[in-house]
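All remarks here apply to the structure that follows.
Chain A is the first sequence line, chain B the second, and so forth, proteins listed ahead of strands; every chain is numbered from 1. Below, all heavy atoms of this structure are taken into account, side chains as well, without hydrogens, waters or symmetry copies. Since we're looking at a predicted model, the values are computed, not measured.
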Protein chains: 2
Amino acid sequence: MGATKTDLFTKQQNDIAQMAKAIAHPARIAILQYLVKKNACVCGDLVDELGLAQATTSQHLKELKAAGLIQGTIEGASVCYCIDPKIWKQYQQLFSAFFKDVNLDGSCC
Amino acid sequence: MGATKTDLFTKQQNDIAQMAKAIAHPARIAILQYLVKKNACVCGDLVDELGLAQATTSQHLKELKAAGLIQGTIEGASVCYCIDPKIWKQYQQLFSAFFKDVNLDGSCC
DNA sequence: TCTTATTATTGCAATATTGCGATGAATTCA
DNA sequence: TGAATTCATCGCAATATTGCAATAATAAGA
């Protein structure tokens, strides 16, 4: 025990949870906000920006890449990162749909 | 080491990450979806609904309550749960704002 | 009161995540 | 070629999360 029992839930539920997990760390939020702010390919300065060790930053970048949220392009000796607008839009739509329209007249007990 | 270094990031970044973490588990997604679908106070049947042990379900409900997303009202021997529409709306707005308007002309390398 | 039903809490084991130093791979420049 | 630079990966330690059995707490009904 200790591992999430993904088989108990629908693919959609697992997907949403997985996507939430991808942004469930302040370092990854910071990375994404920085890339969005720059709105361009960013090479190198991410480690200085975060304040975490290079290995740790690289790990977070790897997770964001695995989630599809960012792309990394090798540019000479360094690597350039940017938002993947296609996946970003998917996230936007999915979370928007998830939080859509709860009947706000909380007819609770 | 092993603990998230929250002091390196802004309160906003930590908040977003924390909110994402609250929904970063398929069981919690399933609970929320069920409550939204019923759109009412739900007593008792959550354990049967999920397929997880009672203790585990209770733990997830506790986390959702801690996140503010649901309310629990004692109703006799059982407890009724429902979405907190106020906090729900906050989540909706926050994620909407976060994923807002990336310039989609991926001017990447 | 005693039993039953329902939920919370405790304590533990298994697994996942976070963070970093050390090392490796690839590129640039002297 | 030989540094120096940049980033990824490995291996480890610390911490967090997940899951459940056992138990406690509370309320309803016999």
Does K65(A) NZ have over 12 foreign heavy atoms under 6.0 Å away?
-> yes
On DNA chain C, check which nucleotide each of G76(A) and T4(A) is closest to and give me the residue with the more 5' one.
-> T4(A)
Side-chain donor or acceptor of W88(B) paired with backbone N/O of F99(A) under 3.5 Å | yes
Determine, for cysteines C80(A) and C43(A), whether their SG atoms are under 2.5 angstrom apart.
-> yes
NA contact type, L52(B), heavy-atom cut-off 4.0 Å: base, sugar-phosphate, or nothing?
-> sugar-phosphate
Any side-chain heavy atom of L64(A) within less than 4.5 Å of one from Y81(A)?
-> no
Is any side-chain N or O of H60(A) closer than 4.0 Å to OP1 or OP2 of dG19(C)?
-> yes
By nearest-heavy-atom nucleotide on DNA chain C, the more 5' of G51(A) and K21(A) is K21(A)
What orientation do F95(A) and Y91(A) show, parallel under 30°, tilted 30 to 60°, or perpendicular over 60°?
-> tilted
So what is the end-to-end bend of the helix from dT1(C)-dA30(D) to dA30(C)-dT1(D), with 5 pairs used at each end and the value given to 10 degrees?
-> 10°
Counting only heavy atoms not in I74(A), do more than 12 fall under 6.0 Å of its CD1?
-> no
Could you run through nucleotides 3-11 of chain D and give me one letter per nucleotide, 5' to 3': B if any protein heavy atom sits under 4.0 Å from the base, S if only the sugar-phosphate is that close, - if neither?
-> ---SBBB--
Members of residues 25-32 of chain A that approach DNA chain C, where some heavy atom sits under 4.0 Å away | H25(A), R28(A)
If two hydrophobic side chains count as joined below 4.5 Å and joins carry through other members, does L50(A) share a cluster with V47(A)?
-> no
